[in-house]
There are 2 protein chains.
Amino acid sequence: MRGTSTKSGSRASLAEVADRAGVSISTVSRIVNGIVGRASAETVARVRQAVDELGYRPDRIGRAMRQRQSNVVALLAPNLANPAMSTIAASTEEALRRVGHVMVLCDTHDRADLQDEYLAAMAAQLVRSVIFLGAVASPALRAASEAGEVFLFVNRRNPHDERAPFVGIDNRGAGAAVAAHFLANGHAPLAVIHSDHSSSAVRDRTYGFIDVLTKAGIAPEMLMRLSAPGDDHLDIGYQAAAAIVAAPQRPRAVLCTSDLIAYGAHRLLTEAGLAVPDDVVLVGIDGNPINPWLAPWLSSVVIPYEDYGPVIVDSLERIWAGEDPGERLLPYAFG
Amino acid sequence: MRGTSTKSGSRASLAEVADRAGVSISTVSRIVNGIVGRASAETVARVRQAVDELGYRPDRIGRAMRQRQSNVVALLAPNLANPAMSTIAASTEEALRRVGHVMVLCDTHDRADLQDEYLAAMAAQLVRSVIFLGAVASPALRAASEAGEVFLFVNRRNPHDERAPFVGIDNRGAGAAVAAHFLANGHAPLAVIHSDHSSSAVRDRTYGFIDVLTKAGIAPEMLMRLSAPGDDHLDIGYQAAAAIVAAPQRPRAVLCTSDLIAYGAHRLLTEAGLAVPDDVVLVGIDGNPINPWLAPWLSSVVIPYEDYGPVIVDSLERIWAGEDPGERLLPYAFG
DNA sequence: CTGAAAGCGCTTACAG
DNA sequence: CTGAAAGCGCTTACAG
């Protein structure tokens, strides 16, 4: 007997449950983990009763210690202030919880050094998997990728291996859809404002847009490509839009590779006395739910970020089963 | 000797470092944990070299197992889609990381059952502390509070114990400041639109506002109190603002207890043909950074959410030291 | 100044 | 059908 009294206020352990049920901890462990075929019905009932009475919950640390693996999944995100990112984070957290996992959220601020620091810290936590929501190129990510470690990439592909498991949308298709829309409406001249091209998503959106226009015979001088330095999309839009106001042939319609960029462009255009969409049509990509409330002048390619969680978890489960989940492209909606 | 070869690709353990340095794991453990006064300078150097060569990082699970406590802190938040919440989450995460902790983020959706589920799950992870960002009343929170467990409450106080450690602003003062501003500008009639009053923050903002006006002799019929059911602040503002349009004596200025409520009210007022701020002045509380970009018509009490992290961590460290951090009120800015 | 040993809670291969 | 025992990586009280 291991001591018949239960320390009140403290969590019950396997040993205490075993004590109360009058069986060994091995038996309790098996039953708690759903392996009931190897014990008599009576034993199972006694153990379950003891579990209920003591309010037993397995200690995840003990389990992780033994299995050399925790039930924690890390999500490395570039910027939680971006509503698209926090929506993905929330939906992923919920989907993971449903399958018994816990999500740790880390903000890399799009910095390679922070990303590497987190990657090491998460390894020390024995996290089950790491999800990169907007990965940046970094030494540790490259090294781990080359060593065959499998991560899941969301929105942006692995900068060191484009074929790594991916969840996102067909970004080229989204850019192309906006181009087709502009052509169909006879808008010209045109422009695109994009953020940094180190992101595969931004690149694909930009070139999906440009390629359609080029193939349609739009002259290069009728298509402005604009950007601005920095990470702040609002500011990028604001800075880049100055070129629209100053252009000798002012663009009639502009693709912004994110809604935040569109907000920034709108502010500058408005301050310059131009009306949106009467003087300049702005189209964003994201479909921020706040748009109907605060930016009714904006149309946007709607990405179903709130649906990412289940798809992300499904991809993770394939990875855990030793499979390659490949790329999962979710449908976007426009127009 | 425990085996002289290091498994490549796998993390080095204390034993491997000890092996390489030719000392015991006790000695390595002490040195790694900064207790260097109990070893010779030469030993310390040898151990540090071995640590560097093997790239040793302590296994946090092993440590948590032994100490019955992890370096994980849980943040339970009501709604990550609210930018104020994600800003606090990001700043807390960064501040915790600086002191060697890891933050786990959980979205309770303001639901008591989910809050309790997370509370139990986090206990099973041996989390060091739980931070409630917008707590709701719930059985497990009540039980834990009554049992003397110490949590940190942010924005909203512990619904079961108002004296529990708290980080936030002087919400009564914020409401009062807006009232004083309206009085100074001669605005009348007035209104307040608030969300659910189960939150101490919302209650305090509302009554801080009302009390000042009442004391100033404003007649009750000159002060509308508006709300609407549900959790969605945008929708609450939209629904509640209908009463403003319909009022026989239309309010000239309105306090909204959150910026999101103000966005909702603005939409309805605009759709009804009223101009903000020319016909109706709206004042929010939050100071969402997006306001200058998308809601230049809104003035707002600015709460320094991005500064919450360090204050939250400071309060946690006091709790860990066995002290009572009491309440920490950060400065808000208005006008 | 240093190390052997116990033990945190769990899972699991093995023995019966 | 059930249990004793090993061991995951670490910290720490204790012995020398």
Side-chain angles (χ1 to χ4, degrees), chain A residues 1-3 6-7 10-47 50-51 54-71 100 123-128, chain B residues 1-3 6-7 10-47 50-51 54-71 100 123-128:
Chain A
M1 216 176 263
R2 281 175 211 83
T6 301
K7 286 172 296 175
S10 148
R11 304 167 45 74
S13 70
L14 216 42
E16 287 168 295
V17 176
D19 228 38
R20 184 168 194 111
V23 297
S24 74
I25 59 168
S26 315
T27 298
V28 177
S29 175
R30 281 189 289 261
I31 293 172
V32 162
N33 285 293
I35 304 174
V36 293
R38 294 177 53 193
S40 70
E42 197 220 358
T43 299
V44 171
R46 269 220 314 286
V47 167
V51 164
L54 294 173
Y56 172 72
R57 286 196 151 228
D59 180 310
R60 315 298 311 205
I61 298 292
R63 185 175 284 177
M65 182 71 171
R66 171 59 214 245
Q67 301 187 323
R68 306 309 304 144
Q69 182 175 188
S70 76
N71 67 332
Q125 302 282 344
L126 302 185
V127 296
R128 185 90 191 265
Chain B
M1 218 177 262
R2 282 174 211 84
T6 301
K7 287 174 296 179
S10 148
R11 304 166 44 74
S13 70
L14 216 42
E16 287 169 295
V17 176
D19 229 36
R20 183 170 197 110
V23 297
S24 73
I25 60 167
S26 314
T27 298
V28 176
S29 175
R30 281 190 288 261
I31 292 172
V32 163
N33 286 292
I35 304 174
V36 293
R38 293 177 54 194
S40 71
E42 197 220 356
T43 299
V44 172
R46 270 219 315 287
V47 168
V51 165
L54 294 173
Y56 172 72
R57 285 196 151 230
D59 181 309
R60 314 300 310 205
I61 298 291
R63 185 176 285 177
M65 182 70 171
R66 171 60 214 245
Q67 301 188 323
R68 306 309 303 142
Q69 180 175 125
S70 75
N71 67 332
Q125 302 282 345
L126 301 184
V127 296
R128 185 92 190 263

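Just so it is clear: chains get the letters A, B, ... in the order the sequence lines come, proteins before strands, and each one is counted from 1. Values below: every heavy atom of this structure, side chains too, minus hydrogens, waters and symmetry copies.
Between B:Arg46 and B:Thr27 there is no side-chain heavy-atom pair separated by less than 4.5 Å. With contacts defined as side-chain heavy-atom distances shorter than 4.5 Å, the pair A:Arg68/B:Asp59 qualifies.
What separates CG of B:Asp19 from C1' of D:dG9 is a distance of 15 Å, to the nearest Å. Atom CD1 in A:Ile35 sits about 14 Å away from atom P in D:dC1, given to the nearest Å. Distance, A:Ile31 CD1 to D:dT2 P: 7 Å, rounded to whole Å. Taking atom CG of A:Leu14 as the reference point, atom P of C:dG9 lies 10 Å away to the nearest angstrom. The separation between A:Asn33 atom CG and C:dA13 atom P is 13 Å, rounded to whole Å. Between the P atom of C:dC10 and the CG atom of A:Asn71 lies a distance of 13 Å, rounded to the nearest Å. Summarising the geometry, the separation between CD1 on A:Ile25 and P on D:dA6 is reported as 13 Å, rounded to the nearest angstrom. Between the CD1 atom of A:Ile61 and the P atom of C:dG7 there is a distance of 21 Å, given to the nearest Å.
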query: Could you walk me through whether B:Arg30 and B:Thr43 pass the side chain to side chain contact (heavy atoms under 4.5 Å, CB included) check?
result: CA-CA 11 Å; B:Arg30 281 190 288 261; B:Thr43 299; over 6 Å; no

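For D:dT12, its base never sits under 3.5 Å from the side chain of B:Arg30 at any donor and acceptor pair.
Regarding contacts with the backbone of C:dA4, every side-chain N or O of B:Ser26 stays at 4.0 angstrom or more from both OP1 and OP2. Side-chain nitrogen and oxygen atoms of B:Thr27 include at least one within less than 4.0 Å of the OP1 or OP2 phosphate oxygen of C:dG3. Side-chain N/O atoms of A:Tyr56 include one lying less than 4.0 angstrom from OP1 or OP2 on C:dC10.
Among the duplex regions that DNA chain D forms, those built from at least three successive Watson-Crick or G-U pairs under 3.5 Å are C:1-3 with D:14-16, C:5-12 with D:5-12, C:14-16 with D:1-3, ordered by first number.
Checking B:Glu42 against B:Gln67, the closest nucleotide of DNA chain C that is more toward the 5' end is the one next to B:Glu42. The residue among B:Arg38 and B:Met65 whose nearest nucleotide of DNA chain D is located toward the 5' end is B:Met65. Toward the 5′ end of DNA chain C lies the nearest nucleotide of B:Thr43, the other residue of the pair B:Thr43 and B:Arg68 mapping further downstream.
In terms of heavy atoms, A:Asn71 sits closest to A:Gly100 at ND2-O, 3.3 Å. Closest of all the heavy-atom pairs between B:Val47 and B:Val23 is CG2-CG2, 3.9 Å. Of all non-hydrogen atoms in B:Ala50 and B:Ala21, the two that sit nearest each other are CB-CB, 4.0 Å.
If you check the side chains of A:Gln125 and B:Arg60, you find no donor sitting under 3.5 Å from an acceptor.
Set against C:dG3, C:dC10, D:dC10, the side chain of B:Ser24 has C:dG3 as its closest nucleotide.
Residue A:Ser29 is in base contact, counting any heavy-atom pair closer than 4.0 Å across all strands shown.
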